[in-house]
Participant: 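Sharing a structure, written as structure tokens. Questions coming.
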Amino acid sequence: FHDDVGSDLTHVIVLSELLKGEAAQPKEIQTHATMIGNTARKAVQGLRTIIWAANPQNDTLDSLVQYISEYSHEFCEAAALACRLDLPTEVPALPLIADVRHNLFMVVKEALHNIVKHARASEVRISLELQEGSLDIRVEDNGRGFKADSATASQRSGLANMRHRAEAINAALLIHSSPGAGTSIRVRWAYPKDWPAGAVLT
């Protein structure tokens, strides 16, 4: 809460203070007012995520899929990115503990933010499927890509955060990218044995 929403609210306060001294500078007022609006919207989204993550009624696979769909659509629309969601339309209400649900979502969120910050992409594709014994989520873009095995890439905070999220739930994070060829982020989580064998999403 402190790192995400807290920093946004602090930013709003700072921008509000700057506005007080800009009565005779309409361009600066417009710029900072826009920044305040964007930051406030980001803080609201952060609060929505916290509430969603904390609500035990959302501890199911179908809740995760629905929230990923809603968040991705809103995020990509605001970022002027074409968004292709290859998500199942019918998802069984399989149990998914809050820690797993939240960390899987945060990998998707971090991947989307990285695309906006670094990829210079025009399109994003998000897919989710159940394979034999595992849940796979992919976030792919058609951006400029990067050398995924380089030392610089391994030190990027976004990638490090995604690895941390995956490790926290014993999931595998697979990153495929090369200059000029876009990027694919894939998180694979071994689902529990109490899920029905051969479960599929349609």
Participant: List for me each residue that meets side-chain contact (heavy atoms from CB on, under 4.5 Å) alongside Asn170, sequence neighbours excluded, and say none if there are none.
Facilitator: none
Participant: With a 4.5 Å limit on heavy-atom distance, are the side chains of Tyr67 and Thr49 in contact?
Facilitator: yes
Participant: For residues Leu85 and Ser72, determine if any side-chain heavy atom of one lies less than 4.5 Å from a side-chain heavy atom of the other.
Facilitator: yes
Participant: What I'd like to find out is whether the side chain of Val91 reaches to under 4.5 Å of the side chain of Leu128, using heavy atoms alone.
Facilitator: no
Participant: Quick one, His102 with Arg165, criterion side chain to side chain contact (heavy atoms under 4.5 Å, CB included). Give me CA distance, side-chain angles, the key distance, then yes/no.
Facilitator: CA-CA 9 Å; His102 187 221; Arg165 294 288 183 178; 4.1 Å; yes
Participant: Is the shortest heavy-atom distance from the side chain of Arg163 to the side chain of Ile175 under 4.5 Å?
Facilitator: yes
Participant: Quickly, which of Ile68, Val107, Leu87 forms a side-chain contact (heavy atoms from CB on, under 4.5 Å) with Ile137? Name it, please.
Facilitator: Ile68
Participant: Quick one: salt bridge (Lys or Arg N to Asp or Glu O under 4.0 Å) pairs with a partner in residues 53-67, sequence neighbours left out?
Facilitator: Asp59-Arg101
Participant: Do other residues, nucleotides or ligands put more than 12 heavy atoms under 6.0 Å from His73 NE2?
Facilitator: no
Participant: For Phe105, which of Phe75, Trp189, Tyr71 qualifies under ring-ring contact (aromatic ring centres under 6.0 Å, His included)?
Facilitator: Tyr71
Participant: Measure the CZ-CG distance between Arg84 and Asn142 for me, rounded to the nearest 0.5 Å.
Facilitator: 12.0 Å
Participant: When rounded to the nearest 0.5 angstrom, what is the spacing between CZ in Arg188 and CD in Glu129?
Facilitator: 9.5 Å
Participant: Are the side chains of Asn114 and Ile185 in contact, using a 4.5 Å heavy-atom criterion?
Facilitator: no
